[in-house]
Structures are given as structure tokens and as C-alpha cells.
Amino acid sequence: MKDKINIINLDGNEEPFLALVKDTIKKGKQALVFVNTKRRAEKTAETIAKGIKLNNEELDKISDKVLNVLTRPTKQCKRLSSVVKKGVAFHHSGLVSKQREIVEEEFKRGNIKIICCTPTLAYGLNLPAFRVIIRDLKRYGYRGYAWIPVLEAQQMFGRAGRPKYDKEGEAICVASSDNEKEQILKKYIRGVPEDIYSKLAVEPVFRTYLLSLISANIVRTRDGLINFFSKTFWAYQFKDMSRIKNMIDDMLSKLSRWGFIYYNGEDDFFKSADILNDKDNNEITPTRIGRRIAELYLDPLTAHNILEGLKSNSEKTPFSIVNLCTNTLELRPYLRVSVREFDEMEDKLVEFEDEILYKIPKAYDDDYEEFLGSFKTSLMFYDWMNEMDEEALLEKYNVKPGELRAKLQILDWLIYSCHELAVLSGDKEDLSTINKTRLMLKYGVKEELLDLLRLKGIGRVKARKLFNNKIKTIKDLKKCDEETLGLIVGKKLAGKIKEQVTFKKPTLQRELKNEKDE
DNA sequence: GGACGGTGAAACTTCAGGTTGCCTC
DNA sequence: GAAGTTTCACCGTCC
């Protein structure tokens, strides 16, 4: 297909993107509007919803569905629900996954006409529209406010034109001045995409792959590893094989020092690899822990730090486990600690100091700010475990429901990994605290509610209700008559609960079941 | 005189996303 | 860079 480039000059008072959106709907087509922040995605969706006349029963139903995805709708749920009524939606990582699914599905079905989104929708998903409007080609990043990469813009352009429905598609960049128009033409239309670089050179990626190659029995000697990496795109691009060899040696040495690999013929598992470098073809074997780390897809450094933390003499508490697992690369980026919060964080730090299982950096250290960020993130998890109201928690930490869920999911995986590491390192003492912590996080409850949560149909809210009515255990539930129970949790659920406690023994299996978003 | 509320300017803050990861009846 | 949020000075009103 041949690309056609047109420049449209819009005049009038209306915002250009609004005029474009209205035109799309008039044509009976759909559009994606790309913007540079989550907030802007929501605001733009609201502006569009106000500016168009679209409403039908089907949309009312979808709006309702979107509103009631969580037990209690958050501000964001209400906002999304109200724009969906008009056939408009916003889409970004802050949405709960169920809501994202609904928005995508209903766009495919043609019910939702316009989606205002961040780049989430440019990747992976097959969500083509007749028209793609790129409202923002600049975004705040590590280099300040700057143009987005050409590759990314092209990825967005590529969403336009639906193979089955349209012969062609339109990708429209919005410029705010003549000068900007020229820049956009030069960079994105006539320009060349950026080079692609191998990610293998990034240390966490490199060490993870190195361990998994050994662990999966793909390569078992130093020579073999060098040979393997010499054939990668990284080596092709990087060219300097001697530096790559050094990196491999350094990493092997670390992995063996951490006890994740050993060299055959050596009885000391922890002997440093650099002593053994001359034995190029000496077989490298993963230790049991090393193999498990690779299976868990954990970064070996994370695993090492968790193991060191577990070795600490301090007593393990739910907070200390959460904090240990939060202070990892996997949970980055951490929440930001603003200047205003600095003092508050330091006060909290004094309060929780004894529960931190690793060395706290000094205030003048380079990594102190990063540490405070991870500390703040663990405080958010701690509030969640202490049953803080979800809306209040989102507000306090300035996060969106989807982001909280995503972070909780990663933490769950890390705490499971922590459990596995504790088992393999023979640390039986801490297992029950680790398991307990994982459950408290899964349901967002204090320890005292865990017994009640073994039953189906009871979540954090109902369990708290029962507990506050002095029904604290399964035993209490057995004693309580169905009528009284019905007054607390509703008639229907009371019956179900009674059935569970009378006939079946509640299983703990439910506890670790995947219950998405709730 | 002092407490209080409203107003607007100035200062400050924030800003995308993420493969696939483990367990499971 | 832009939009939203917080802070603060200033002013008028009321008791």
C-alpha cells in the first residue's frame, strides 16, 4: 500500500482533535487518540464525551459493567463509566485489567467509537481503527520533555486501517504551530527510525540469562558460554568479544560466590570461579537453589539479596518480608518520595528500622533516594495489608487501581519466590511468616481475618464485617445460626457459608488460587 | 483587633509501559 | 513543556 501524506490546516475555535473525532464518528468510523499522560487520556476522553451526541442502551449496559468491576467503584471507575455512556473510553496502565478487556472488546465490537490512550494500545494488542490521532508527540522522560522515538510513533501509525473493514487508514499528527509542523514532517514522516540495540548488555538481563542457560543444560562450560554469546545480536553489535569474555567471567564468579553454580570436581560449591578460569572446559553445574532461581525467572541478584535478608538475625515480620521483597529490581519503578514527604518518610523509617533486614544506606549515599522510594512502596503494601480503604490508599500514594494490582501481583510472585528460597536454604523458621504475609497481601487483610477468608464468597470486606460482629473463626460460624448470619452478610451468602462449614472442610487451596482483580 | 473566608498569583509537582516469570483443585 | 495542585499574600467582612 502506498502512503499518502496530507497536511490539513484546521481553523475555527474548536480543538483540532475534537473536530477530527467528530468527523470520524460522522463517517461511521472509529478512532484512537494517543496522548502522553494517563491524566490527559482521561481528560481528553471527557472533553470528547461532552462534545458528541452518542448514547444508546448498549452503551448504558457497558458503562454499568465497567463501573462494577471492583466491589466498590473508585473515582476512576466512575469516570470511565461516565464517558463510556457516550461511546468514548480511556485506556492506560492504571485501569484494572478487567476494565481494559471490556474497553478493548467493545471497541472491536464497534460499540465504543473513540479510545483516548497512552502508548499501551500501540503495542501487542491488535486494535486497529480507521483513524489514529496522535495528539502528543512529546513526552516527559529521562531526557526531560522530548520527542518520542520515531519507532514508537510508527507503531501508533500502524494501528490505523482495519484489514477487514477499511481499504485505507489515516494516521494524523496534531501540530500546534507551523514550526512544530515542520519538525514533525522532518522527524516522523521523512525521517529514519532509530537503531535497535540489544538488551542483553543490561546486567540484570545478562545474569538472568547466564544462569538459565546453565540451569536448562543448554551450555555447561565457560567456552560454551563464550561461544553462545559470540553468536548473539549483542556480540554482533558490540564487536568487542574480549570485553564480553570478561563480563562472562565476572558474572560466573558472582554466581558461584552466591552459591548458585559450582564447578564439577570442586567440593567447595562456593569457591570463586575466577580461580577456575583456566579450566575452560570444566563443567559448570547449577546448585539446587540456582536451578530454582532460574525456574522462577528471578534475577540472581534479587535472589541473593533475599537470601541474605533471610539470614539476618532480626525477627521476621510481615512488614520485614514485604520490605525485603520490595527492595528489588523487579518492583521498580518505586513510588516517588516528594520533597514534602521526606520528613514523614524519615520518621516512619525510625519506626520501622528494626524490621529492615538489610543495610540501610546513609542519607548522603547515592542510593538513599532509591531506598526511600522502595521503603515508601513497602509502606503502601503495609497499609493494604492493614485494610486501609482502597480509595484512601490510592489517594494517599497517588496510584491508580491497575497500578496497585500490577504491583501486588509482582510482589506476590516475589514472596512466593522468597518462600521457595527459604525452603531450599533450610530456613524453616520463617516459612509460616512468609506464607502468612503472602495471604495477607493477596486479600489485603490483617492476620486476624485469614481464618474466615478460607471460605468461598468471603473477601476482605465481608470478613471484616463478620469479625466486627464477633464472628472471628470458622468455629464461630458453625455456632452462629443462619438467620443471624444473614443479617450480617445477606441471606443468600449466609446459606452458602453454612453449607461450606457444615458439609465441607474449607480448604486452604482457595487461598492461593488466582483471583484476578478482587 | 482578630478570626475567617475568598481570591488570584506564584511556586511547586508531576508526567508511558513492561515480557513472562511461580504455585494450583 | 504543560497542566494540575499547593501555598501564600492580600483583602474584605464580620464579630
Side-chain angles (χ1 to χ4, degrees), chain A residues 34-44 46-47 90-95 97 100 116-125 134-149 151-153 155-156 176-177 180 183 199-200 202 204-205 208-209 211-212 215-216 291-300 302-303 306 325 328-333 335-342 395 397-400 402-403 405-407 409-424 434-435 438-439 442 456 504-516:
Chain A
F34 284 100
V35 296
N36 61 3
T37 66
K38 289 181 272 220
R39 186 158 38 186
R40 214 154 132 91
E42 297 183 14
K43 183 101 193 280
T44 310
E46 277 174 342
T47 311
F90 52 83
H91 189 289
H92 54 61
S93 68
L95 293 191
S97 59
R100 266 194 270 180
C116 302
C117 54
T118 54
T120 25
L121 273 190
Y123 294 95
L125 270 160
I134 304 173
R135 198 184 161 183
D136 305 318
L137 278 160
K138 281 183 172 179
R139 190 200 304 131
Y140 184 86
Y142 64 98
R143 272 197 233 144
Y145 197 71
W147 293 103
I148 62 170
L151 272 172
E152 196 181 314
Q155 188 68 33
M156 295 174 186
S176 57
S177 63
E180 205 176 285
Q183 282 180 290
K199 286 232 159 55
L200 206 49
V202 184
V205 178
T208 306
Y209 277 106
L211 183 60
S212 60
S215 185
R291 197 175 301 128
R292 192 74 184 114
I293 292 164
E295 279 170 6
L296 291 163
Y297 279 81
L298 265 189
D299 177 352
T302 295
I306 289 179
C325 293
T328 54
L329 281 178
E330 283 83 347
L331 261 167
R332 282 189 193 178
L335 297 181
R336 258 184 46 126
V337 178
S338 65
V339 185
R340 223 176 309 140
E341 288 170 320
F342 222 82
E395 191 100 358
Y397 292 97
N398 189 24
V399 288
K400 301 198 172 272
E403 294 165 318
R405 295 300 190 292
K407 287 237 181 297
Q409 209 183 332
I410 300 173
L411 183 64
D412 179 59
W413 157 52
L414 287 166
I415 295 188
Y416 172 74
S417 301
C418 175
H419 174 269
E420 294 298 280
L421 292 173
V423 169
L424 287 175
I434 297 173
N435 272 335
R438 193 172 168 219
L439 288 171
K442 185 135 208 140
K456 275 185 192 163
K504 275 189 257 167
K505 208 175 155 203
T507 73
L508 281 161
Q509 288 312 320
R510 184 201 170 218
E511 296 162 3
L512 300 175
K513 212 174 60 184
N514 262 337
E515 289 179 20
K516 269 192 186 171

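Note on naming: letters A, B, ... go to the chains in the order of the sequence lines (proteins, then strands), and numbering restarts at 1 for each one. Just so it is clear, the structure is predicted and the values come from calculations on it, not from any experiment.
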query: How far apart are the C-alpha atoms of A/K407 and A/V399, what are their side-chain angles, what is the distance that settles it, and do they pass the side chain to side chain contact (heavy atoms under 4.5 Å, CB included) test?
result: CA-CA 10 Å; A/K407 287 237 181 297; A/V399 288; over 6 Å; no
message: One pair to check against side chain to side chain contact (heavy atoms under 4.5 Å, CB included): A/H419 and A/V423. What are the steps and the verdict?
response: CA-CA 6 Å; A/H419 174 269; A/V423 169; 3.8 Å; yes
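Side-chain atoms of A/P119 and A/E152, non-hydrogen and from C-beta on, do get closer than 4.5 Å to each other. Between A/L421 and A/L298, the closest side-chain pair of non-hydrogen atoms falls below 4.5 Å. With contacts defined as side-chain heavy-atom distances shorter than 4.5 Å, the pair A/Y416/A/D412 does not qualify.
The distance from atom CG of A/L296 to atom P of B/dG21 is 12 Å, rounded to the nearest whole Å. Between the CG atom of A/L298 and the C1' atom of B/dC23 there is a distance of 13 Å, given to the nearest Å. Protein atom CH2 of A/W147 is 14 Å distant from nucleotide atom C1' of C/dA2, rounded to whole Å. Distance A/L424 CG to B/dC22 P: 16 Å, rounded to the nearest Å. As a whole-Å value, the separation of A/L411 CG from B/dC22 P is 17 Å. Rounded to whole angstrom, the span from the CG atom of A/L329 across to the C1' atom of B/dG21 amounts to 14 Å. Regarding A/I415, its CD1 atom lies at a distance of 16 Å from the C1' atom of B/dG21, rounded to whole Å. Atom OH in A/Y209 sits about 11 Å away from atom P in B/dT20, given to the nearest Å.
Residues satisfying the ring pair (Phe, Tyr, Trp, His ring centres under 6.0 Å) criterion with A/F90, sequence neighbours excluded, are A/H92.
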- request: Using a 4.0 Å heavy-atom cut-off, write out nucleotides 10-18 of chain B from 5' to 3' as B (base contacted by protein), S (sugar-phosphate only) or - (no contact).
  value: ---SSBBSB
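Rounded to the nearest Å, the gap between the C1' atom of B/dG18 and that of C/dG1 is 26 Å. Look at the C1' atom in both B/dT19 and C/dA2: the space between them is 32 Å, to the nearest Å.
Ion pairing of A/K138 with A/E180 is absent here, as no side-chain N (NZ or NE/NH1/NH2) approaches a carboxylate O to less than 4.0 Å. A/R292 and A/E295 are joined by a salt bridge, as a carboxylate oxygen and a charged side-chain nitrogen come within less than 4.0 angstrom of each other.
A/R135 and A/T44 share a donor-acceptor pair across their side chains, judged by distance under 3.5 Å alone.
Each of A/K138 and A/K43 has a nearest nucleotide on DNA chain C; the 5'-most of these lies closest to A/K138.
Within 4.0 Å of A/I148, counting heavy atoms only, lies no atom of the nucleic acid at all.
Defining each end axis of the helix from B/dG1-C/dC15 to B/dC15-C/dG1 as the rotation carrying four pairs' C1' atoms onto the next four, with five pairs an end, the two axes are found to diverge by 10° to 10 degrees.
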